[in-house]
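A short write-up of the structure that comes next.
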Protein chains: 2
Amino acid sequence: MRPSSVTLTPQELELMKIVWHKGEATVRDVYETLLERRKIAYTTVMTMMRVLEKKGHVKTRRESRAFVYRPTRPERQVVRSMVREFIDRVFNGSAQPLLVHLVEDRRLSPQELEELERLIREAE
Amino acid sequence: MRPSSVTLTPQELELMKIVWHKGEATVRDVYETLLERRKIAYTTVMTMMRVLEKKGHVKTRRESRAFVYRPTRPERQVVRSMVREFIDRVFNGSAQPLLVHLVEDRRLSPQELEELERLIREAE
DNA sequence: TCTCATATACTAATAACTTAGTACTGCTGA
DNA sequence: TCAGCAGTACTAAGTTATTAGTATATGAGA
């Protein structure tokens with residue numbers, strides 16, 4: 001059984017970030033974290049957690065009455081897939097134009113540029 | 001009237017790339033370019049071109065019988081918005097983690113790394 | 001034990017995306 | 001002139017995403 005697509009929709013990603021951050025979480029945990037940011041119904045979170053499970057992004061175990069959800073894949077791995085998918089889609093698979101955009105768009109502080117330079121020298 | 005969102009769906013982007021590349025294009029132009037890659041109906045392309053127009057991504061002018069579509073915004077500008085949106089969504093607005101991903105993921109050739117180093121030095 | 005809070009199960013509605021079919025129109029060449 | 005082709009207009013259907021309501025189950029405290 002092939003692992004389902006690793007790409008997450010925007011809302012799915014928002015929930016997954018919470019689960020990754022907490023390590024594992026119940027619907028209530030996620031619900032309460034989300035509530036700090038925006039109005040959302042408990043059952044909405046539940047539905048989405050179930051979707052995430054159906055898609056294989058989380059696994060559950062029962063703990064007394066509630067389900068505890070934990071990620072099936074580490075955040076780094078999923079984010080990496082999303083970056084790849086984005087580069088394929090927008091830049092036809094070539095990462096370089098993206099970097100040019102980033103550097104030119106001045107989205108990086110001098111510190112970040114320096115840090116990046118160091119990384120490049122290590123990779124070379 | 002606020003300009004509608006600049007973000008494109010995957011299919012919309014695919015069509016827009018063709019229009020950008022050609023400068024301007026009719027439904028037939030786009031249809032034939034797409035056909036080289038995959039099976040698609042002429043009317044499907046038409047519907048999508050109309051969607052792109054409704055969303056403000058292209059403008060049309062009538063040329064004899066057919067509509068000619070041309071982009072309302074240059075590719076660079078739209079791509080830049082998409083990069084920003086992606087960084088906001090996936091990396092909470094910080095570009096640096098994305099770069100670390102790219103460099104570590106070895107998606108760049110030595111030449112590209114060098115080129116990038118030069119860009120950084122210019123930006124600093 | 002019985003009630004209430006909390007949890008899940010089931011259902012559903014709306015919107016956006018993607019794809020495409022059918023009907024209609026109007027040039028254009030025979 | 002008129003048939004046919006190339007084009008648009010209108011319609012629609014399937015899928016996924018997003019949000020949430022109602023019904024039901026269950027455990028814990030009074």
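Chain naming here is simple, since letters A, B, ... match the order of the sequence lines and numbering starts at 1 in each.
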**Request:** Using a heavy-atom cut-off of under 4.0 Å over every strand shown, decide if B/Tyr42 touches base, sugar-phosphate, or nothing.
**Result:** base

**Message:** Just the rounded figure in Å: distance from C1' of C/dC17 to CG of B/Leu52.
**Reply:** 12 Å

**Prompt:** B/Thr26 near the nucleic acid: base, sugar-phosphate alone, or nothing, with a heavy-atom cut-off under 4.0 Å?
**Reply:** nothing

**Candidate nucleotides D/dT19, C/dT8, C/dT18, ranked by approach to the side chain of A/Ala66 - the nearest** = C/dT8

**A/Met49 CE - D/dA20 C1' separation (whole Å)** = 17 Å

**Request:** Mind telling me whether A/Phe86 and B/Phe86 have parallel, tilted or perpendicular rings, with 30° and 60° as the class edges?
**Result:** parallel

**Complete:** Per nearest nucleotide of DNA chain D, the residue lying toward the 5' end, A/Ala41 or B/Met46, is B/Met46

**Prompt:** Of the nucleotides C/dT8, C/dT19, D/dA9, which one has an atom closest to the side chain of B/Met48?
**Reply:** C/dT19

**Asked** So, are A/Glu75 and A/Lys17 salt-bridged, with charged N and O less than 4.0 Å apart?
**Response** no

**Item:** Presence of B/Lys54 side-chain N/O under 4.0 Å of C/dC17 phosphate oxygens OP1/OP2
**Value:** no

**Prompt:** Which part of the nucleic acid, if any, lies within reach of B/Arg50 when heavy atoms closer than 4.0 Å are counted: base, sugar-phosphate only, or nothing?
**Reply:** base

**Message:** Cation-pi check for B/Phe67 against B/Arg62: NZ or CZ below 6.0 Å from the six-membered ring centre and within 45 degrees of the axis, yes or no?
**Reply:** yes

**Item:** Side-chain heavy-atom pair A/Tyr69, A/Lys59 within 4.5 angstrom cut-off
**Value:** no

**Complete:** Of C/dT19, C/dA20, D/dT19, the nucleotide closest to the side chain of B/Thr43 is C/dA20

**Message:** I want to verify a distance call: between C/dA20, D/dT18, D/dA17, whose nearest atom is closest to the B/Ile40 side chain?
**Reply:** C/dA20

**Item:** Minimum-distance nucleotide to A/Arg65 side chain [options: C/dT6, C/dT8, D/dC5]
**Value:** C/dT6

**Prompt:** Out of B/Lys54, B/Arg50, B/Lys55, which residue meets the salt bridge (Lys or Arg N to Asp or Glu O under 4.0 Å) rule with B/Glu12?
**Reply:** B/Lys55

**Fill in**
Scanning both residues in full, the closest heavy-atom pair of A/Leu116 with B/Gln96 reads N-NE2, 4.5 Å

**Complete:** Taken to the nearest whole Å, CG/B/Leu15 to P/C/dA20 is 13 Å

**Asked** A/Tyr31 OH to C/dA5 P: how many Å, rounded?
**Response** 15 Å

**Asked** Choosing from C/dA20, D/dA20, D/dG7, which nucleotide comes nearest the side chain of B/Arg28?
**Response** D/dG7

**Asked** Taking atom C1' of D/dG7 as reference, at what distance in whole Å does atom OH of B/Tyr69 sit?
**Response** 10 Å

**Prompt:** What is the nucleic acid contact for A/Thr47, judged by heavy atoms within less than 4.0 Å: base, sugar-phosphate only, or nothing?
**Reply:** base

**Prompt:** Just how far, in rounded Å, is C1' of D/dT26 from CD of A/Glu63?
**Reply:** 16 Å

**Message:** Rounding to an integer number of Å, can you tell me how far A/Arg62 CZ sits from C/dT8 C1'?
**Reply:** 7 Å

**Asked** C/dT18 phosphate, OP1 or OP2: any side-chain N/O from B/Lys39 under 4.0 angstrom?
**Response** no

**Asked** CD of B/Gln11 versus P of D/dT15: gap in Å, rounded?
**Response** 16 Å

**Message:** Taking donor-acceptor contacts at under 3.5 Å, does the side chain of A/Thr9 reach the base of D/dA17?
**Reply:** no

